[in-house]
Amino acid sequence: VNTAANNNGNMRGAGRPQQGAARGKRRRQTNIPAGAFFAAVVALAVALCAVGAYHVFSTSLDREESHLGRALRKSTTSTRTIGANVGARQVLPSDKCQLEYDRVNADRTPGLSAESIQRSRAWIGNRQRLDNLARNLTSGSDVHVVTFGGSITLGHGVAKNTTEGYVSGPYGNLLEGWLNKMYGGGDEQRHKVFNMAAHGADICALEKRINGMISDLERQGAHPDMFLLEFAVNDYQGQDHKIQVDSKTDVFFDGFQDIALCCEVVINKLLRTFPQAAIAFLEFRTGITSRKTGAFLHSGVAQHYEIPVISYAEAMFPEYFRLLSMLNASDRYTVPKGETLMPYPYGCHPCNPNGIATPFNHFRPADKHCRSMCDLVFYSGQDCDMFKSPPPGREYCHPPIFAVDAVHPSTVGHGIAKDLIAHAISGAVRDRCRNEPYADHVQPMTGWLGSPSSLKARADFVDVRDTDCFLPFCKKLQPTRKTDGFTYYSDVKATNFEKFGWIATNPAGNETIEFDVNLPNR
């Protein structure tokens, strides 16, 4: 195409009228041979394809760079890959916040997937209180964490072992070790975890004892920076002041609202008493397939008060149930020798009896050293002869997250729980490093199930005597005086386990009972 320059030096097509030129002027026509025209069309099509391919490739790169850029803020050509243990991703050396997160999580349970880590943040809630915790950690202040819960938090069945190369114990112990190792600045005793759990405790037991617990923490010199509440398993049973512990299978069971109200009372009390402390639910579940958890009744409180939820159940049990679906009842839920079905810590792997406390380290037959999937299925009410050895050529399937029974996590499970808590804490440190914005945490003006005044009143028990007994026995709590309207109830669930107390049984009221307040602490 012939072109001519206009007065401004711009090039225009010769066939287009120049500005100011006579519109009636005849245009020049150019004859192009058919072969040349076809070749030009093909060349143009190839060029358009090349441009389109470049645009698609460039757009894909732009999207990836945009996603990465939002996280990292700065770009550089030098990258490194983080191993699968932390979650495979490209990290730029200039992102010091991500590098610090990777450092403090370097000892995470081998094989724990990024997907499990992500699923564990079941409800993010408000981030301000976790930011307070992150500020204290990074400023060199000592941090105190308080764990409330039942026998899981106590570490039932788990050996407390800190030998070189092998550490086991409740998740609270492991969390304390992690805090001091990663944020202690060389002081192994700077940060502390106060374990305030009790066997069989549910959230209603804590509601009645919350004032006493807080007083006990004050006597120990604690200044709580974080509370972890582990009650999902026991809240589904509702064990406080029950004549007999139930084995429920429905979600909205009788007493659901009562336990949810207890949960709201506890959260309301902690928020008012410790306005700067982080609070989070830590939700477990059991290997008994028919048994739900109390996590659902916690969720309403968590959402109303913007309390984060860290879920061990969401992190680990999708793979646990997938593993169960891969096993056969005809083989007694065993696997061919050497077969794992899924990578550690999700599949079938040799157990480590060193992580089991000595009183609980007894299994039948003699070649079994941890609970097998057959045991867990049997506890779920299904048929499996757990006292038989595996068929020839096969071996037990030991899910690493269980060891002593179908309820309490193994030392591997406790280690994973520590990892999930560490992820939440170090994630808050990373957010603070990046100056991520957050909204101020403000308590709602209304309650969820109870009014603010009733929630406050329900937490004002002056004194509650703990009557739970578990290895060794405790003496009965005898009143010094009572009327006939109080009745003694004892809940004997298993050998050496008893919950007992005096319950008012006269609906008309006007009954009295008296105890010696100078009873020694057990």
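None of these values were measured; they are calculated from a predicted model. The first residue in the sequence is number 1, and the count goes up from there.
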Query raised in the report: Within a radius of less than 6.0 Å around CG of D367, do more than 12 heavy atoms belonging to other residues, nucleotides or ligands occur?
Result: yes
Query - Atom CZ of F378 with >12 non-hydrogen neighbours under 6.0 angstrom - result: no
Report task. Check whether any side-chain N or O of R129 sits under 3.5 Å from a backbone N or O of P275 as a donor-acceptor pair, and report yes or no. Result -> yes
Report task. List the steps and the verdict of disulfide bond (SG atoms under 2.5 Å apart) for C433 and C97. Result -> CA-CA 6 Å; C433 173; C97 307; 2.0 Å; yes
Query raised in the report: Can you check whether V158 reaches H408 side chain to side chain, under 4.5 Å on heavy atoms?
Result: no
**Report entry** Nearest heavy atoms of K160 and L154, plus distance in Å
**Finding:** NZ-O, 4.2 Å
Query raised in the report: Does a donor on one side chain sit under 3.5 Å from an acceptor on the other, for Y171 and T147?
Result: no
Query raised in the report: Side chains of Y312 and E230: does their closest heavy-atom pair fall under 4.5 Å?
Result: no
Query raised in the report: With a 4.5 Å heavy-atom cut-off, do D131 and D431 have their side chains touching?
Result: no
Report task. Would you name the heavy atoms of T334 and L327 that are closest together and state the gap between them? Result -> O-CD2, 3.9 Å
Query raised in the report: For the residue pair F360 and H156, is the inter-centroid distance of their aromatic rings smaller than 6.0 Å?
Result: yes
Query - Closest contact, heavy atoms only, N234 versus G200 - result: ND2-C, 3.4 Å
Query - Distance flag, aromatic centroids of F194 and H144, threshold under 6.0 Å - result: yes
**Report entry** Flag side-chain contact, heavy atom, 4.5 Å: P350 against Y396
**Finding:** no
